[in-house]
**Student:** 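Got a structure for you, written out below as structure tokens; questions coming shortly.
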Amino acid sequence: MRGKDEFPDVNPADGSVIAQVTEADRGLVDGAVQAARRAVRGEWGRLSIPARAARLHKVADAIEARFDCFVAAEVADTGKPIALASRLDVPRAAANFRVFADLIKTAGLETFQTETPDGTSALNYAVRKPLGVIGVITPWNLPLLLLTWKVAPALACGNTVVVKPSEETPATATLLAEVMKDAGIPNGVYNVVHGFGLNSAGEFLTKHDDVNAVTFTGESQTGAAIMKAVAGSVKPVSFELGGKNAAIVFADCDFEETVDGIDEAVFLNTGQVCLCAERVYVERPIFERFVEALQHKAERLRIGSPLEKATDLGPLISAEHREKVLSYYRLAREEGATLIAGGGIPEFGNTLDKGFYVEPTIYTGLPESARCVKEEIFGPVCHVAPFDSEEEVVAMANDTKYGLASSIWTTNLQRGHRVAQQMNVGITWVNCWFLRDLRTPFGGVGLSGIGREGGIHSLNFYSELNNICIRF
Ligand code: NAD
Ligand code: 6OD
């Protein structure tokens with residue numbers, strides 16, 4: 001339900017309203033952008049790189065000092081298990097600041113000595129400058145992790161930011177503003193506006209003339225809308241979008257480790273990770289044994305209260321998103337799938353029945369052309385299909401408009417390299433999944449995104465390079 005200028009923040013585990021949030025109108029967004037503009041011209045813009053890096057380490061320290069608050073806020077907003085928020089989301093937020101604080105101090109730029117035809121020389125070197133005010137728009141699945149993944153390098157490069165977190169998960173971005181203050185980040189460097197996309201804070205921000213660049217994580221079709229919005233003012237964009245990721249399991253894999261790995265790749269965060277594997281291809285000699293083992297894993301996942309330390313699976317983010325996921329469960333049946341596990345809504349007999357839970361679900365038997373095999377569902381669900389040859393599985397895995405991530409499971413490393421290099425994606429894992437080194441390029445091809453972030457790639461997106469050529 002949407003009020004005039006407030007909207008409710010709902011706990012997906014039981015449907016309760018945990019806060020009312022002010023929706024930023026055009027004036028409030030403009031105020032935030034102007035504050036960011038003043039700050040980039042002020043003390044922040046004049047800080048030396050080591051001083052800026054030291055402040056970012058202080059932000060990481062302050063996140064760690066309020067670790068439990070961040071975990072509680074993230075769990076209440078998303079319904080994700082407390083164990084997951086404590087192990088992944090909040091530690092990664094601090095790590096994002098530390099990694100980019102260190103990287104900006106050591107990142108080099110190219111230098112060339114140029115010989116000219118008249119026998120003189122020129123020295124070319126580039127300097128890094130901030131872009132200015134960055135609009136940061138983020139989704140609800142890993143709210144703090146994905147927001148800080150963009151804010152940390154943007155600030156490291158000397159920019160200021162206006163962030164618009166998802167309307168579903170406003171809490172941790174707001175808490176981060178308090179932390180910024182504690183860490184001595186000047187006013188106006190980090191600004192938060194809340195609201196929706198179209199005709200709301202998201203659109204006001206992307207269309208704002210005084211925003212120099214937009215970095216966005218979310219659905220591919222939202223990326224398309226933002227591209228149109230920024231076209232008039234030719235703003236640079238970085239897009240991390242949806243995926244329909246393949247996992248390829250060869251018969252020579254380490255069977256138990258692979259079942260564990262695929263279990264995580266399909267069901268982590270209730271399948272609400274852009275990198276999750278919704279298409280699993282298994283070499284025919286182990287297909288039936290593998291499906292049975294994955295079924296056992298899915299049926300043993302503990303679905304329940306996010307506040308219980310033992311819970312593996314929380315709810316989906318919202319009633320609307322649950323309806324979307326359930327519509328794919330119905331579609332899979334209509335398309336002729338064989339149901340191996342799940343397919344419905346769990347019953348608890350308590351307040352969790354008001355939450356937005358679905359069962360972890362596995363299908364087999366669909367043709368590759370089925371919509372359930374082609375479209376991103378973004379829930380705890382996968383389709384498992386057999387394959388007979390490397391060539392066949394590479395073609396199946398690449399037969400998608402998306403191209404974010406893939407994983408390959410084999411004990412033959414030569415094969416691992418060979419197949420990995422044929423994947424038409426931005427990230428391929430071999431015998432692992434979501435194992436992250438923040439210095440590596442991260443992004444997707446096709447509908448999965450534009451550009452790469454991570455390490456030097458983030459620094460290059462969040463800065464302008466000025467090449468200086470001196471004749472001597
Ligand atoms: P979404 O695109 O619906 O929303 C993301 C953000 O964009 C929200 O803050 C929303 O308010 C805002 N928004 C929506 N319309 C807008 C508009 N017209 N102008 C400006 N802002 C607008 O995505 P979601 O449902 O929050 O997240 C799930 C999607 O995100 C999935 O498709 C998932 O694959 C993708 N995702 C991708 C990555 C990645 O790294 N590639 C990471 C996480 C999530
Ligand atoms: O680990 C990351 O840096 C990252 N951007 C993860 C994205 C996950 C998508 O849901």
Side-chain angles (χ1 to χ4, degrees), residues 7 23-24 29 78 80 88-89 91-93 95-96 99-100 135-150 152-153 163-170 173 192-208 211 214-230 237-245 268-276 278 316-318 320-321 324 375-379 402-405 425-427 429 433-455 457-458:
F7 60 93
E23 181 181 1
V29 173
T78 60
K80 69 177 66 203
L88 174 68
D89 300 71
R92 247 305 290 278
N96 286 336
V99 164
F100 288 107
V136 180
I137 301 191
T138 48
W140 44 257
N141 61 327
L142 303 167
L144 184 67
L145 185 160
L146 291 172
L147 184 110
T148 52
W149 170 242
K150 292 173 177 299
V163 306
K164 212 284 302 157
S166 168
E167 56 274 28
E168 305 286 359
T169 53
V192 189
V193 291
H194 289 297
F196 301 79
L198 267 186
N199 200 26
S200 182
E203 186 178 339
F204 302 150
L205 184 59
T206 54
K207 286 197 169 156
H208 199 293
V211 167
V214 172
T215 179
F216 168 72
T217 302
E219 280 191 26
S220 303
Q221 64 186 40
T222 310
I226 292 178
M227 240 179 138
K228 283 189 196 141
V230 302
V237 291
S238 174
F239 284 171
E240 299 180 332
L241 309 177
K244 186 74 183 178
N245 310 302
L268 188 84
N269 205 37
T270 316
Q272 301 167 118
V273 178
C274 59
L275 309 160
C276 276
E278 292 192 0
L316 294 170
I317 189 67
S318 63
E320 189 189 358
H321 188 54
K324 175 185 163 186
E375 297 173 12
E376 183 186 50
I377 302 173
F378 218 56
Y402 291 101
L404 186 57
V425 295
I427 309 139
W429 281 288
W433 175 78
F434 204 0
L435 197 172
R436 295 282 290 114
D437 179 325
L438 308 187
R439 297 166 299 182
T440 59
F442 186 98
V445 308
L447 283 187
S448 292
I450 296 181
R452 294 291 180 274
E453 297 198 38
H457 307 280
S458 296

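Because the structure is a prediction, the values reported are computed rather than measured. Counting convention: from 1, in listed order, for ligands and their atoms alike.
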**Student:** Taking atom OG of S238 and atom NZ of K150, what is their separation to the nearest 0.5 Å?
**Tutor:**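 Answer for the OG-NZ pair, S238 versus K150, is 4.5 Å.
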**Student:** Any sub-3.5 Å donor-acceptor pair from N245's side-chain atoms to C274's backbone N or O?
**Tutor:**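 Yes: the side chain of N245 pairs with the backbone of C274.
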**Student:** I need the single residue from N269, L268, V425, L404 that forms a side chain to side chain contact (heavy atoms under 4.5 Å, CB included) with L275. Which is it?
**Tutor:**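 Passing option: L404.
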**Student:** Of all the non-hydrogen atoms in the protein, which one sits nearest to atom 34 (O) of ligand 1, and at what distance?
**Tutor:**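 It is E376 OE2, 2.5 Å.
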**Student:** CD1/I137 to CD/E203 distance, rounded to the nearest 0.5 angstrom?
**Tutor:**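 Spacing of CD1 (I137) from CD (E203) equals 10.0 Å.
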**Student:** Taking the cut-offs as 6.0 angstrom to the six-membered ring centre and 45 degrees off its axis, would you call R436 and W149 a cation-pi pair?
**Tutor:**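 Yes.
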**Student:** So which atom in Y402 and which in S448 form the shortest heavy-atom distance, rounded to 0.1 Å?
**Tutor:**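 Closest approach of Y402 to S448: CB-OG, 3.5 Å.
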**Student:** Which part of L404 is near ligand 1, with near meaning a heavy atom under 4.0 Å away: side chain, backbone, both or neither?
**Tutor:**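 Side chain only.
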**Student:** Quick one: does ligand 1 sit under 4.0 Å from the side chain of E168, the backbone, both or neither, non-hydrogen atoms only?
**Tutor:**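 Under 4.0 Å from ligand 1, E168 contributes no heavy atoms.
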**Student:** Say you draw a straight line from CD1 of I317 to NZ of K80; how long is it, rounded to the nearest 0.5 Å?
**Tutor:**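 It comes to 8.5 Å.
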**Student:** Can you pull out the closest protein heavy atom to atom 3 (O) of ligand 1? Residue, atom name and distance to 0.1 Å, please.
**Tutor:**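 Nearest neighbour among protein heavy atoms for atom 3 (O) of ligand 1, to 0.1 Å: T222 OG1, 3.9 Å.
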**Student:** Just jot down the ligand 1 atoms closer than 4.0 angstrom to any heavy atom of K164, in number order.
**Tutor:**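 That gives atoms 8 (C), 9 (O), 10 (C), 11 (O) of ligand 1.
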**Student:** To which protein heavy atom is atom 39 (C) of ligand 1 closest, and what is the distance rounded to 0.1 Å?
**Tutor:**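 Residue, atom and distance for the closest contact: C274 SG, 3.2 Å.
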**Student:** Atoms of ligand 1 less than 4.0 Å from G197 heavy atoms?
**Tutor:**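 Matching atoms, with element in brackets: 11 (O), 13 (N), 14 (C), 15 (N), 16 (C), 17 (C), 21 (N), 22 (C).
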**Student:** Using a 4.0 Å heavy-atom cut-off, which part of L146 comes near ligand 1: side chain, backbone, both, or neither?
**Tutor:**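 Just the side chain.
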**Student:** Between ligand 1 and T217, is the shortest N or O to N or O distance under 3.5 Å?
**Tutor:**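 No; every N/O pair is 3.5 Å or more apart.
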**Student:** What part of H321 sits under 4.0 Å from ligand 1 if we count only heavy atoms: the side chain, the backbone, both or neither?
**Tutor:**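 Contact part for H321 vs ligand 1: neither.
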**Student:** Residue by residue, ordered by chain and number, which ones reach under 4.0 Å of ligand 2 with a heavy atom?
**Tutor:**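 Near ligand 2, by chain and number: R92, N141, L142, L146, W149, V273, C274, L275, F434, R436, F442.
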**Student:** Thinking salt bridges, do E376 and K244 make one under a 4.0 Å N-O criterion?
**Tutor:**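 No, this pair does not count.
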**Student:** Check whether any side-chain heavy atom of L88 sits under 4.5 Å from a side-chain heavy atom of L145, and report yes or no.
**Tutor:**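 Contact flag for L88/L145 side chains = yes.
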**Student:** Just which atoms of ligand 1 are under 4.0 Å from any heavy atom in E167?
**Tutor:**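 This gives 8 (C), 10 (C), 11 (O) as the contact atoms.
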**Student:** Side chain, backbone, both or neither: which part of N141 comes within less than 4.0 Å of ligand 1 when only heavy atoms are counted?
**Tutor:**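 The answer is the side chain.
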**Student:** Any atoms of ligand 1 less than 4.0 Å from a non-hydrogen atom of E240? List them with their elements.
**Tutor:**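 Close to E240: 37 (C), 38 (C), 39 (C), 40 (O), 41 (N).
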**Student:** Below 4.0 angstrom, counting only protein heavy atoms, does anything approach atom 13 (N) of ligand 1?
**Tutor:**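 Neighbour list for atom 13 (N) of ligand 1 includes protein heavy atoms (cut-off 4.0 Å).
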**Student:** Test of understanding: given a 4.0 Å heavy-atom threshold, classify the contact between F442 and ligand 1 as side chain, backbone, both, or neither.
**Tutor:**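 Side chain only.
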**Student:** Distance from T217 atom OG1 to L147 atom CG, nearest 0.5 Å?
**Tutor:**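 Here the interatomic distance stands at 9.5 Å.
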**Student:** So, is A225 polar-close to ligand 1, with some N/O to N/O distance under 3.5 Å?
**Tutor:**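 No, A225 has no N/O under 3.5 Å of an N/O on ligand 1.
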**Student:** Considering only heavy atoms of F196, which atoms of ligand 1 have at least one such atom less than 4.0 Å away?
**Tutor:**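 Listed by number with element, the hits are 11 (O).
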**Student:** Residues two or more places apart in sequence or in another chain: which of them pass side-chain contact (heavy atoms from CB on, under 4.5 Å) with F204?
**Tutor:**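 Per chain and number, F204 pairs via side-chain contact (heavy atoms from CB on, under 4.5 Å) with R26, V29, N199.
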**Student:** Looking at ligand 1, is there an atom of it that comes within less than 4.0 Å of some heavy atom belonging to G444?
**Tutor:**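 Heavy atoms of G444 never come under 4.0 Å of ligand 1.
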**Student:** For atom 24 (P) of ligand 1, what's the nearest protein heavy-atom neighbour? Residue, atom name and distance, please.
**Tutor:**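 Answer for atom 24 (P) of ligand 1: W140 NE1, 3.3 Å.
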**Student:** With a 4.0 Å heavy-atom cut-off (strictly under), which part of T138 contacts ligand 1: side chain, backbone, both or neither?
**Tutor:**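 Looking at T138 and ligand 1, just backbone atoms fall under 4.0 Å.
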**Student:** Which residue supplies the protein heavy atom nearest to atom 35 (C) of ligand 1, what is that atom called, and how far is it?
**Tutor:**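 That would be G218 O, 3.3 Å.
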**Student:** Could you tell me which atoms of ligand 1, counted from 1 in the order shown, lie closer than 4.0 angstrom to a heavy atom of P165?
**Tutor:**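 Those qualifying, in numeric order: 9 (O).
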**Student:** Nearest protein heavy atom to atom 20 (C) of ligand 1, by residue and atom, and its distance?
**Tutor:**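 Of every protein heavy atom, G202 C, 3.3 Å lies nearest to atom 20 (C) of ligand 1.
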**Student:** Find all atoms of ligand 1 within a distance of less than 4.0 Å from any non-hydrogen atom belonging to F216, and give their numbers and elements.
**Tutor:**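 Contacts of ligand 1 toward F216, numbered from 1: 2 (O), 5 (C), 6 (C), 7 (O).
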**Student:** Do T215 and V237 come close enough that some side-chain heavy atom pair is under 4.5 Å?
**Tutor:**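 SC-SC contact between T215 and V237 ruled out.
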**Student:** Which of the numbered atoms in ligand 1 are under 4.0 angstrom from any heavy atom belonging to I137?
**Tutor:**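 Once the distances to I137 are compared, the set is 6 (C), 7 (O), 9 (O), 12 (C), 20 (C), 21 (N).
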